[in-house]
Amino acid sequence: MTKRCVSRLKTGLLAGAALALTLPAAQAQDVTLNIVHGSPEGHIIAAGGVEPWMSCVTEAAGDRVAFNYYPAGQLSGLRELQAALESGVADAVPIPVGYVSERLPLNGVAMLPGLGGSAHEIISAYSAAVREGVLAEELAAIDAVPIWVMGFPPYQIVSTSDVISDLAGFEGKVIRSAGGSLTLAIEMLGAAPAEIPISDTYVALERGTVDGTISALASIKPYNIQELMTGVSTNGAFGTFTNVFAINANVWESVPADLQEVMSDCGFQVEESIAETMDTEASQLAEEFAGMGIEVFEFSDEELAEINGPLSEVQQDWVDRLEERGLPAQQVLDEYLARIGG
């Protein structure tokens, strides 16, 4: 993410915060929150989400809210963020849904391929879904109160050896997955999935442990994957990865109602801004990668049809697996499809 994009995003959020609630005077530092995330500096989750949200809250609430900020894995790695929130080690974290599918299996619906063609569509649908019904209950069960969500534009296939430009190219390859439905998608395409945290992806690609990754374009540069990349698609629909920025439920209950409203309002502002930023940045990054000599390509209509055939089976496979566990996956999928206009 460029410094200009980050600056524009933060400026927009602060301007929006000026229109937020006018809070009554109160004792300084009514609330102090320990904010924890595992993403590197400059990553969209941090620079486009967590940090602008804190700035927005500070602008609206003044010294009534203080933050202890632990970025970039200082207090918890990506896979441990949900546990840190539930245990009370952290007060607020962006939960990476794909890394905690055992705790949030139904929330994985937003990561399925073919559900939304842009960050704006994905974030709008998922934001509504986590605030009521089954997905909200699943979050409540782990003591998480959703404040804002983010979902990347549809993921693309990133190659670091032979460029995977059609369905046959997946055969026999090992592809890094962030987990959840992305793992199902890779299996359906005939490749072998390897669930590896994004922070370890560079080493896995460099060593040849995996032949590529399914990833958001915005996640490539923060982890320097462009140094190893030989090709990347731009019009695939391989699913996405979602995060839910949540506050521990016990902590949330201690926050005064007017500050709860400010935090929620700033969350909605972050969702709007981060969606616009990521959709714009995706096209800019494609141009940048092409300028570096990387093969940036679109699948032909015929190739897309061949690829989307197996991917269409992922939704039903996801439903079948979770229904076997007694979870209402079909209900969740139907409700999500209605929200996203599917």
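For this chain, numbers begin at 1 and follow the sequence in order. All figures in this text were calculated on a predicted structure; none of them were measured in a lab.
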Could you walk me through whether Met263 and Val65 pass side chain to side chain contact (heavy atoms under 4.5 Å, CB included), step by step? CA-CA 10 Å; Met263 291 178 185; Val65 178; 4.2 Å; yes

Under-4.0 Å salt bridge between Arg64 and Asp258: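 Salt bridge flag = yes for Asp258 with Arg64.
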
Can a donor-acceptor pair be found, under 3.5 Å and without considering hydrogens, that links the side chain of [X] to the backbone of [Y]?
X	Y	answer
Thr230	Ser159	yes
Thr160	Asp211	yes
Arg79	Val100	no
Thr201	Pro197	yes
Asp166	Gly169	yes
Glu271	Trp148	no
Ser177	Gly179	yes
Asp317	Glu313	no
Glu121	Gly117	yes

Whether the Glu288 and Gln284 side chains hold a donor-acceptor pair (N or O, under 3.5 Å, no angle test) is what I'd like checked.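 Side-chain D/A pair, Glu288 to Gln284: absent.
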
Will you find, in the side chains of Glu303 and Ser165, an N or O donor that is under 3.5 Å from an N or O acceptor?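 Per modelled atom types, Glu303 and Ser165 side chains form no pair under 3.5 Å.
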
Beyond-backbone contact of [X] with [Y], side-chain heavy atoms, under 4.5 angstrom:
X	Y	value
Ser39	Leu78	yes
Ile122	Leu115	no
His37	Tyr69	yes
Glu302	Glu306	no
Trp53	Ile274	no
Ser127	Phe268	yes
Glu335	Val109	no
Ile186	Phe170	no

Contacts under 3.5 angstrom, residues 239-252 side chains, donor-acceptor by atom type, not counting sequence neighbours:
unit_1	atom_1	unit_2	atom_2	d
Thr240	OG1	Phe152	N	3.2
Thr240	OG1	Phe152	O	2.7
Asn248	OD1	Asn250	N	2.9
Asn248	OD1	Val251	N	3.3
Asn248	ND2	Leu85	O	2.8

What are the two closest non-hydrogen atoms of [X] and [Y], and how far apart are they?
X	Y	value
Ser215	Ile220	OG-CG1, 4.3 Å
Gly38	Leu81	N-CD1, 3.9 Å
Ser181	Val314	O-CG1, 4.0 Å
Tyr336	Ala110	OH-CB, 3.6 Å
Pro52	Gly49	CD-O, 3.4 Å
Leu311	Ala237	CD1-O, 3.7 Å

Quick one: do Gln330 and Gln315 satisfy side chain to side chain contact (heavy atoms under 4.5 Å, CB included)? Show the steps, please. CA-CA 9 Å; Gln330 188 64 60; Gln315 293 181 15; over 6 Å; no

So how far is it from [X] [atom1] to [Y] [atom2], rounded to the nearest 0.5 Å?
X	Y	atom1	atom2	answer
Thr280	His120	OG1	NE2	12.0 Å
Ser55	Gln269	OG	CD	11.5 Å
Asp30	Asp63	CG	CG	8.5 Å
Tyr155	Leu182	OH	CG	6.5 Å
Leu112	Ser312	CG	OG	12.0 Å
Gln156	Ile164	CD	CD1	12.5 Å

Expected list for residues 202-209: side-chain donor-acceptor pairs under 3.5 angstrom, two or more places apart:
unit_1	atom_1	unit_2	atom_2	d
Tyr202	OH	Glu227	OE1	2.8

Taking atom CD of Glu102 as the centre, does the number of heavy atoms from other residues, nucleotides or ligands within less than 6.0 Å exceed 12?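 Counting other residues, nucleotides and ligands, CD of Glu102 exceeds 12 neighbours.
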
Validation: residues 132-142 side-chain donor-acceptor distances under 3.5 Å, sequence neighbours left out:
unit_1	atom_1	unit_2	atom_2	d
Glu132	OE2	Arg339	NH2	2.8
Glu138	OE1	Leu106	N	3.3
Glu138	OE1	Asn107	N	2.9
Glu138	OE1	Asn107	ND2	2.6
Glu138	OE2	Leu106	N	3.0

